[in-house]
Amino acid sequence: MDAVGTPSSVLVVGGTSDIGLAVVERLGTGARLRVVLAARPSPRRDAAVQRLTGAGHQATVVDFDAEDTASHATTVEQAFAGGDLDVSVVAVGLLGDQEQAWQDAAAAVRLLQVNATAAVSTGVLVAERLRRQGPRHRRRPVVGGRRARAGARTSSTAPARRRWTPSTPACARRCAPTASGSSSSGPASCARA
Amino acid sequence: MGLTGVVLRATLRMRRVETSRVVVDTERADDLDDLLARLVAGDGAYPYSVAWVDCLARGRRLGRAVLTSGRPARRDELDDQARRDPLAFRSRPRVQVPDVLPSGLVNRASVAALNEAWFRRAPRERRGEVQGIAPFFHPLDGLGQWSRAYGRRGFVQYQYVVPLDADATVRRSIEALHAGGAVPSLAVLKRFGPGNPGHLSFPAPGWTLAVDVPVTAGTGAVLRRLDELVLDAGGRVYLAKDARMPPAALPRMYPRLDAWRAVRDRVDPDHLFTSDLARRLAL
């Protein structure tokens with residue numbers, strides 16, 4: 001995440017989600033993002049890749065099965081294999097059939113597996129991975145840092161912005177610390193490199 | 001950039017001075033052309049020169065500025081009181097900015113008012129004023145914690161250098177700031193001399209403009225436009241102050257990047273030394 005709030009890389013868990021892709025497109029307005037889509041192999045996933053590459057972003061995929069929680073750790077590791085990620089959007093979910101869900105136990109469990117268990121599983125794993133990339137780069141992850149809107153089944157995990165304290169210059173996360181800012185009149189012939 | 005190891009020994013070349021004071025000439029420039037001409041005319045006459053530019057001024061006043069140039073003062077140029085302790089140095093802030101200020105203090109109205117006051121307060125021309133080195137080199141540091149005035153969203157400082165024959169880029173970049181709705185709270189223009197042999201060294205003969213811009217929703221787009229102008233002019237952005245440049249611009253701005261990477265790969269093959277800048281720019 002750069003100083004003006006623009007990410008350079010995004011992971012979408014549930015990579016065919018229209019909400020997830022819309023979030024990516026919004027985040028990438030005017031920028032070229034590296035996007036990792038975690039989703040089951042399908043024509044919809046291929047279409048999602050096309051949609052993002054067509055918009056100028058770089059998109060790669062990793063296989064992800066929401067119901068197979070045992071595979072989630074591998075999926076998350078694969079997602080981060082190409083480098084650190086600035087923002088992770090957990091947008092996995094099934095709409096389901098309400099009538100079926102309250103009468104068919106298996107269908108109800110499946111909905112909860114995908115919409116709740118899978119989101120929590122991947123969210124925790126992504127947070128742990130962000131934590132690992134965090135201390136090295138002095139960043140801290142926040143899980144579910146922004147509350148998902150009801151029904152959207154979307155939560156996000158992103159590195160927390162450093163808190164401002166009276167002892168922290170407000171520009172600490174905005175610019176390289178310079179004691180004098182641009183007000184310095186450095187030697188015209190030998191400025192700092 | 002701190003990515004090739006730990007500095008264990010450094011040699012500094014220093015300039016001997018007789019006093020902690022600077023003899024300063026101050027002049028006002030009515031517009032950008034006037035400013036550029038004054039900077040060219042004074043090139044070589046002073047070891048230090050800097051122009052504060054009113055980046056909100058438009059039309060025929062676009063680029064109006066206050067130019068200050070100085071040289072170390074000799075002992076015989078000080079008054080009797082200062083001569084008793086010619087190397088006296090005091091750098092503590094005179095006033096502290098409190099941490100209870102509301103956000104949004106740095107806005108178009110406040111910056112325009114401050115710019116107007118700063119410009120009018122400066123003499124049209126004054127020669128030979130003796131100043132302390134702290135107010136001359138770091139005038140803002142007289143105001144402790146001045147960055148608090150930007151509120152929680154803070155600001156970015158964008159600094160570039162373009163070749164001497166690309167002076168039109170300075171005008172275009174000020175116009176781009178206007179067009180993008182940015183409110184540069186501080187802008188400084190200087191002329192650079194030769195750079196140094198460092199692979200990623202920033203200075204090069206040319207014009208260097210540094211602008212402080214409060215972060216707003218449109219800041220990213222405005223600075224991307226400035227990137228384009230700088231690239232078109234064959235210039236570069238100052239990495240030490242960068243916190244948002246896209247990685248694609250880097251090789252064009254720093255053509256010796258691959259040579260630097262070869263050194264880094266040799267001394268740190270596992271890339272154990274890293275930074276937010278290195279990650280963002282894929283250094």
Side-chain angles (χ1 to χ4, degrees), chain A residues 1-9 26-34 56-58 80 82-87 130 133-139 159 161-193, chain B residues 43 46-50 52 68 70 99 136-141 145-152 154-157 159 186-188 190-196 198 200-203 208 210-212 215 219-221 223-224 240-248 274-277 279-280 282:
Chain A
M1 197 79 86
D2 72 14
V4 295
T6 307
S8 59
S9 53
R26 180 62 183 267
L27 289 172
T29 304
R32 184 173 184 270
L33 298 175
R34 181 173 66 84
H57 303 298
Q58 177 201 342
F80 281 80
D84 292 344
L85 292 161
D86 288 337
V87 175
L130 286 174
Q133 93 179 14
R136 184 174 159 208
H137 309 296
R138 293 173 297 162
R139 287 185 177 187
R161 289 183 172 183
R162 233 171 278 158
R163 284 186 67 80
W164 185 88
T165 70
S167 61
T168 308
C171 69
R173 63 187 169 80
R174 297 297 179 199
C175 59
T178 51
S180 56
S182 61
S183 62
S184 66
S185 33
S189 59
C190 54
R192 281 186 303 160
Chain B
D43 210 18
Y46 306 90
Y48 310 109
S49 61
V50 60
W52 164 87
T68 49
D99 63 352
F136 177 73
F137 286 114
H138 307 135
L140 269 186
D141 288 0
Q145 304 285 353
W146 51 267
S147 55
R148 285 175 176 167
Y150 287 92
R152 288 200 60 178
F155 71 99
V156 288
Q157 185 174 95
Q159 182 170 0
L186 189 64
V188 168
K190 304 181 213 173
R191 271 168 72 88
F192 270 164
N196 66 49
L200 301 182
S201 176
F202 169 66
T208 180
V211 288
D212 289 5
V215 173
T219 305
L223 298 185
R224 281 194 295 276
K241 294 180 178 177
D242 173 61
R244 37 66 50 198
M245 192 170 77
T274 190
S275 65
D276 283 350
L277 181 97
R279 289 190 327 125
R280 179 168 46 78

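Chain identifiers are assigned alphabetically (A, B, ...) following the order of the sequence lines, protein sequences preceding nucleic acid strands; residue numbering begins at 1 within each chain.
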Colleague: Take Thr6(A) and Arg244(B), measure what side chain to side chain contact (heavy atoms under 4.5 Å, CB included) needs, and give me the verdict at the end.
Modeller: CA-CA 8 Å; Thr6(A) 307; Arg244(B) 37 66 50 198; over 6 Å; no
Colleague: Side-chain contact test, heavy atoms from C-beta onward, threshold under 4.5 Å: evaluate it for Arg279(B) versus Asp86(A) and give yes or no.
Modeller: yes
Colleague: Heavy-atom distance under 4.5 Å to chain B: side chain of Ser9(A), backbone, both or neither?
Modeller: neither
Colleague: Shortest non-hydrogen contact from Val156(B) to Ala3(A)?
Modeller: CG1-CB, 3.6 Å
Colleague: Testing the basics here: between Val4(A) and Thr219(B), what is the closest heavy-atom pair and its distance to 0.1 Å?
Modeller: CG1-CG2, 3.7 Å
